[in-house]
Amino acid sequence: MVRNTATSVVTIDRFIIEQEREHPGATGALSGILTDLALAAKMIANKVRSAGLADVLGSAGLENVQGEVQQKLDIIANETIIKAMDHGGRLCCMASEEAETLIPIPEKFSTGRYVLLFDPLDGSSNIDVNVPVGTIFSVLPQKTDGTHGTIADALQPGSAQVAAGYVIYGSSTMLVYTTGNGVHGFTLDPLLGEFLLSHPNIRMPETGAYLSVNNAYEQYWQEPVSALMRRYRGLDGQRKAMNVRYVGSMVADFHRNLLGGGVFAYPANAKSPGGKLRLLYECNPLAFICEQAGGAATDGTQRMLDVQPTELHQRTPVYVGSKGDIAIAREMLGAK
Ligand code: P6P
């Protein structure tokens, strides 16, 4: 007897449709957004993979709103996402780390009732040294009445998100996302050009093996933060020491901790009193994913997803990871 050894190959498109069927009232708009984002991810992956060969490396010499020297791939990734998303008729506006203000949907296209926030290529300063970089995205429901979204639609707490995800361009290209129904990972098969379900229902261990923090800022931390990092590193005898793993690319550090358990922390410090990382399109989407995988996230004073944004590009301190380890952070930092 020949056993059926074929495993069911689930493409991301099939998975998205099957998830949509679990919501009878779904219009298919959110499914369309996710499908279009997967296409954009494949296009960006092509560029990132060939960056060393196509002389795309090096800065384009342009300044972005963050005042950082913009890598050419930043520009390409930003344009790729905007062009992939602006005509689908599902969005009322977009916002990007690379754009100072809201990105409107062109008048020639129809609009929809969702807002897309994204960091097109996080960690881009690592591009030239071949360290994994990533794309991060967040989807919010439009709350204003017009056909075109306003800044009020973008400035919603992370708890309002209907979907969030990231793409990591590493040893393989993976897309990980949630729509509030668990966290699922898809690995790009470069020959097929398809994202295939490789990590269904990702769950984050209750306590973690890894601590991802840039210790170079230790001299700038406030004492409760320094005490917390000593705890994580086992120096006060209260907890088994965590292995310090810090790539300097948030998506890469977050992804390893999501799978293996751990904490990513970028505390406020004397040089970055409000923290460095962005609330809307970096910390909120990763916090949503983390909570959906059984983890937690705080800004050091409250649950990350409860923070009421006031500015599009506002920064925040961030502690995100295994639930038990974030509970230690909340206790030692006096967070709600
Ligand atoms: P630092 C990359 O520039 C980034 O935005 C994140 O991806 C990363 O976690 C962080 O900054 C690294 O910052 O100050 O440790 O170099």
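Values reported hereafter were calculated over all heavy atoms of this structure, with side chains retained and with hydrogens, waters and symmetry mates removed. Numbering of ligands and ligand atoms starts at 1, following listing order.
- Of the possible polar contacts, none joining the Asn243 side chain to the Tyr210 backbone as a donor-acceptor pair under 3.5 Å is found.
- The shortest N or O to N or O distance between Lys276 and ligand 1 is under 3.5 Å.
- A donor-acceptor pair under 3.5 Å links the side-chain atoms of Ser96 to the main chain of Glu98, judged by distance alone.
- Counting only distance, with no hydrogens or angles, the side chain of Asp86 and the backbone of Pro106 share no donor-acceptor pair below 3.5 Å.
- Considering both main-chain and side-chain atoms, Ser249 never comes within under 3.5 Å of ligand 1 through any nitrogen or oxygen pair.
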Does the salt bridge (charged side-chain N to carboxylate O under 4.0 Å, His left out) test come out yes or no for Lys336 and Asp306, once each step is laid out? CA-CA 11 Å; Lys336 277 189 279 186; Asp306 290 342; over 6 Å; no

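- Numbered from 1 in the order shown, with element, the atoms of ligand 1 that lie under 4.0 Å from a heavy atom of Asn214 read 1 (P), 15 (O).
- Which parts of ligand 1 touch Tyr217 is read off a 4.0 Å heavy-atom cut-off, strictly below it: atoms 1 (P), 14 (O).
- Those atoms of ligand 1 that come under 4.0 Å of a heavy atom in Phe264, given as number and element, are 9 (O).
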Between Arg230 and Glu218, is the salt bridge (charged side-chain N to carboxylate O under 4.0 Å, His left out) condition met? List the steps. CA-CA 11 Å; Arg230 286 196 296 273; Glu218 189 155 10; 5.4 Å; no

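- The minimum heavy-atom distance linking Ala154 with Leu102 is given by the pair CB-CD2, 4.1 Å.
- When each of Ile289, Leu37, Ile12 is paired with Tyr177, the side-chain contact (heavy atoms from CB on, under 4.5 Å) condition holds for Ile12 and for no other.
- Annotation for ligand 1: atoms under 4.0 Å from non-hydrogen atoms of Met250 are 6 (C), 7 (O), 8 (C), 9 (O).
- Atoms of ligand 1 lying under 4.0 Å from any heavy atom of Tyr266, numbered from 1 in the order shown and given with element: 1 (P), 13 (O), 14 (O), 15 (O).
- The closest approach between a heavy atom of Leu277 and any atom of ligand 1 is below 4.0 Å.
- Atoms of ligand 1 lying under 4.0 Å from at least one heavy atom of Asp122, given by number and element, are 5 (O), 6 (C), 7 (O).
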